[in-house]
4 protein chains.
Amino acid sequence: MDSSTPASGISEGAARRRTGGRSARVRAEVLDAVGALLLEAGYDGLTVDAVAERAGVHRTTVYRRWRDVGGLLVDVLDAAADDTWTPPDTGSLEGDLAALNQEVYEALASGTGLTTALIAASFRSAEAAEALGRFWEDRYARCAVVVSRAAARGEIPAPADSRALLVAATAPVYHELLLLRTAPDPALPGRAAAATAAAARAGAFS
Amino acid sequence: MDSSTPASGISEGAARRRTGGRSARVRAEVLDAVGALLLEAGYDGLTVDAVAERAGVHRTTVYRRWRDVGGLLVDVLDAAADDTWTPPDTGSLEGDLAALNQEVYEALASGTGLTTALIAASFRSAEAAEALGRFWEDRYARCAVVVSRAAARGEIPAPADSRALLVAATAPVYHELLLLRTAPDPALPGRAAAATAAAARAGAFS
Amino acid sequence: MDSSTPASGISEGAARRRTGGRSARVRAEVLDAVGALLLEAGYDGLTVDAVAERAGVHRTTVYRRWRDVGGLLVDVLDAAADDTWTPPDTGSLEGDLAALNQEVYEALASGTGLTTALIAASFRSAEAAEALGRFWEDRYARCAVVVSRAAARGEIPAPADSRALLVAATAPVYHELLLLRTAPDPALPGRAAAATAAAARAGAFS
Amino acid sequence: MDSSTPASGISEGAARRRTGGRSARVRAEVLDAVGALLLEAGYDGLTVDAVAERAGVHRTTVYRRWRDVGGLLVDVLDAAADDTWTPPDTGSLEGDLAALNQEVYEALASGTGLTTALIAASFRSAEAAEALGRFWEDRYARCAVVVSRAAARGEIPAPADSRALLVAATAPVYHELLLLRTAPDPALPGRAAAATAAAARAGAFS
DNA sequence: CTTTAAGCGAGACGGTACGTCCGGTCTTATT
DNA sequence: AATAAGACCGGACGTACCGTCTCGCTTAAAG
């Protein structure tokens, strides 16, 4: 959900791998370059040449280790998934969902963020699509606790399908901002959260 | 919502415009070629060269009239919007939503359809993104009647925000199939429709 | 025989073809660049990139029209064959052969000339080898008159195998300078001519 | 003259040097690989990578010991010169020359032999060119006896320039097959031998 | 009907990026 | 401490598209 996490994940992973050794350093610099280029120029600006130049590394090195842009994205996404993000805990289901949606909203609202670029990339590279899927599955798994807490509090009937509930809450935000590309509406995250919470209370996901 | 409509829209429009003149014929053949190529090779296979060759037209002709691939997509999408599609009318809100979702589901489930290709294209070309947005807005506007009928039947409290309701119903299908890329689940359209209908009955969109 | 002729042939042809039109100009500049690079850097310096840069033309243009280095050489050689060279006429067979050999000697003695480079190239590119073969066949054909004049003068018994005679006369010069790479000996052309003339008078080629 | 001798020389030398010691074994395997690759793929197929792989040795080992492809060729040629070849002795000058030419002819006629590859290599690597020159000088020195025998028999006037005579005899064969690349003519070796013998009898090399 | 200008066919060009191969150097890990 | 394995840099290759340009030729529509 937190789409800004990948970015920090990249830097973090990079920092951690910079343990000496040329190979590790090269990898870190290349992945940093990928993140930076995606932010600045989007997926179309993410050419192997540009990555190599920015990373201060030779083109052939990138091809040797990552094969193509898809391989770079996979490495970036897998590194990004390797963080400590946890879902918010506001004390109520609607509050948690609204906070989640707010994170998504902020990551997508500009239309030029890293997340948008990664999603665009996932439509071009099957490997990147898979890696992005893995990233999201991991996030949804971490968020299951939001639903179980709500059930424990008696807000919603147990047992509930946490994944369906979370998708119902977040999907409209992705849909409006990524696909419909309507002008960002700050009320959107809360509205989607409220509707989903209402459905959940009515037992729609149990 | 009917994502297969663009395809038929293309052929239909093409047929209608084939009124004699060379220009009209060229346009029809080019747009047909675009659709066919999108289906066969996806957005990445949609090169100006390939379109021109397939349409039996010279490259420069395509550049002259459409400028680039984005222009081709705009033309295709605008032609696709020019049809007579109307939303289903099953007698109940949940039934209507489920039928809508089913159309979306079928258009997206394969992952290789024209719709998927157009959406992928919308991440690469700003013009195509806009045209796709217009197409979807048109569809949502036509679907408003589904919500007003439900209100008239007393299924849901009036007045209801038809757009928010429709987005809530369809977004999960797009989200699962396009972004999360989970394995297609035939129960998905109905489940999303049911949850949204429940929320609507609970007044979540009023 | 005159191995310096290719060089002049190139410039000449270039000048003649520079009759307007971008294509003709491009061709002329590229062929000039090939000749210059062969002289300066030998065959190993004759890369498509270097040719393109020197000709002030884009790499892809060279690939489009000449395909590869072999194609460039073929064009150069065919252009070079398109001249008005005629064999010397000194009044005696031995004098003619010595003059021919002197031309060969001068073209090869430095070891860095255009001719040497073209021959080196012919070992790398089958097309270039063929073109060079054509060039030399043309030269031998033009030289046949040297032999027929000698027969007409009664120097040698008629009929004589002009090609075998000419090869016998010139081959030692090529052999010493190109293959054995012995230090250039100014007496070599005359010696080979004298020996061959002696054999011819003895009826060795009749 | 015997251009097939290098090949046998390689194998022979290799076998002889396989006397234990990893270094010696490595050298033998690498030189074998060079010969095999030259035969199969010509000079252009003789890459350090291919040699190393075929010899079962690491790339860096080749670079350490031979520096580059030229160094490999020098080693091969010097090993090849280290044999016991002696010129034919048929009882007549013309017979000896014809036999010599026949050996040359057979080594060159296919156009794909090891000899051709080594000659091609000599146009690319100065070191290889030198080594090949040394190889040929050694061969011509061994052949001097052919001329002295002829003089002793009174076939030709003494003293004769054996080197010039031998070059005159063999050069046409090299010239036709390597440079002119005419279709191989089985009569060529004998014809060149006969013409040279005639010239020699006429005192052209004395 | 004619004419006339917009549109098309044809082909070359400059340019960016691709992905590969190879030469040669340098670093890391091993022993 | 020496060396084998492996990664790197650098240059060239040949290809695919992109988008532009210039020339003729057709042909649809205006006079």
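All values below were derived from every heavy atom in this structure, side-chain atoms included, with hydrogens, water molecules and symmetry-related copies excluded. Every chain is numbered from 1, with letters handed out A, B, ... down the list of sequences.
- Looking at which nucleotide of DNA chain E each of B:G56 and C:G56 is closest to, the 5′-most match is held by B:G56.
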Salt bridge (Lys or Arg N to Asp or Glu O under 4.0 Å) evaluation trace for B:D75 with B:R65: CA-CA 11 Å; B:D75 207 356; B:R65 299 219 358 208; over 6 Å; no

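- The shortest side-chain heavy-atom distance between D:D78 and D:R134 falls under the 4.5 Å cut-off.
- At whole-Å resolution of the value, CD in A:E29 and P in F:dC8 are 11 Å apart.
- A cation-pi contact, defined as under 6.0 Å to the ring centre and within 45° of the axis, links C:R181 to D:F123.
- Nearest heavy atoms, B:V74 versus B:A128: CG2-N, 4.0 Å.
- Two residues are said to be in side-chain contact when any heavy atoms from C-beta on lie closer than 4.5 Å; C:L38 and C:L73 meet this criterion.
- Listed pair C:T61 / E:dG14 meets the phosphate criterion, a side-chain N or O lying under 4.0 Å from OP1 or OP2.
- If you measure from atom CD of D:E53 to atom P of F:dA5, you get 13 Å, rounded to the nearest angstrom.
- Looking at heavy atoms from C-beta onward, C:R27 lies in side-chain contact with C:W66 at the 4.5 angstrom threshold.
- Across all their heavy atoms, C:A131 and C:L77 have their closest contact at CB-CD1, 3.8 Å.
- Straight-line distance from the CZ atom of D:R65 to the P atom of F:dA2: 17 Å, rounded to whole Å.
- Checking E:dC8, F:dC9, F:dG6 against the side-chain heavy atoms of D:H58 singles out F:dG6 as nearest.
- When the P atom of F:dC17 is taken as reference, atom CG of B:L72 falls 15 Å away, rounded to whole Å.
- For the pair C:W66 CH2 and F:dG14 P, the interatomic distance rounds to 15 Å; values are reported in whole Å.
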Extract from the structure each pairing of a protein N or O with an N or O of nucleotides 22-25 of chain E at less than 3.5 Å, listing the distance.
| residue | atom | partner | partner atom | Å |
| --- | --- | --- | --- | --- |
| E:dG23 | OP1 | D:V48 | N | 3.2 |
| E:dG23 | OP2 | D:V48 | N | 3.2 |
| E:dG24 | N7 | D:R59 | NH2 | 3.3 |
| E:dG24 | O6 | D:R59 | NH2 | 2.7 |

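- Put simply, CZ on C:R25 is 12 Å from C1' on F:dT22, counting in whole angstrom units.
- Between D:T115 and the choices D:T112, D:I119, D:L118, the side-chain contact (heavy atoms from CB on, under 4.5 Å) rule is met once, by D:I119.
- Each end of the helix from E:dC1-F:dG31 to E:dT31-F:dA1 yields a helix axis from five base pairs, and these two axes differ in direction by 30° (to the nearest 10 degrees).
- Heavy-atom minimum distance, A:A52 versus A:H58: CB-C, 4.0 Å.
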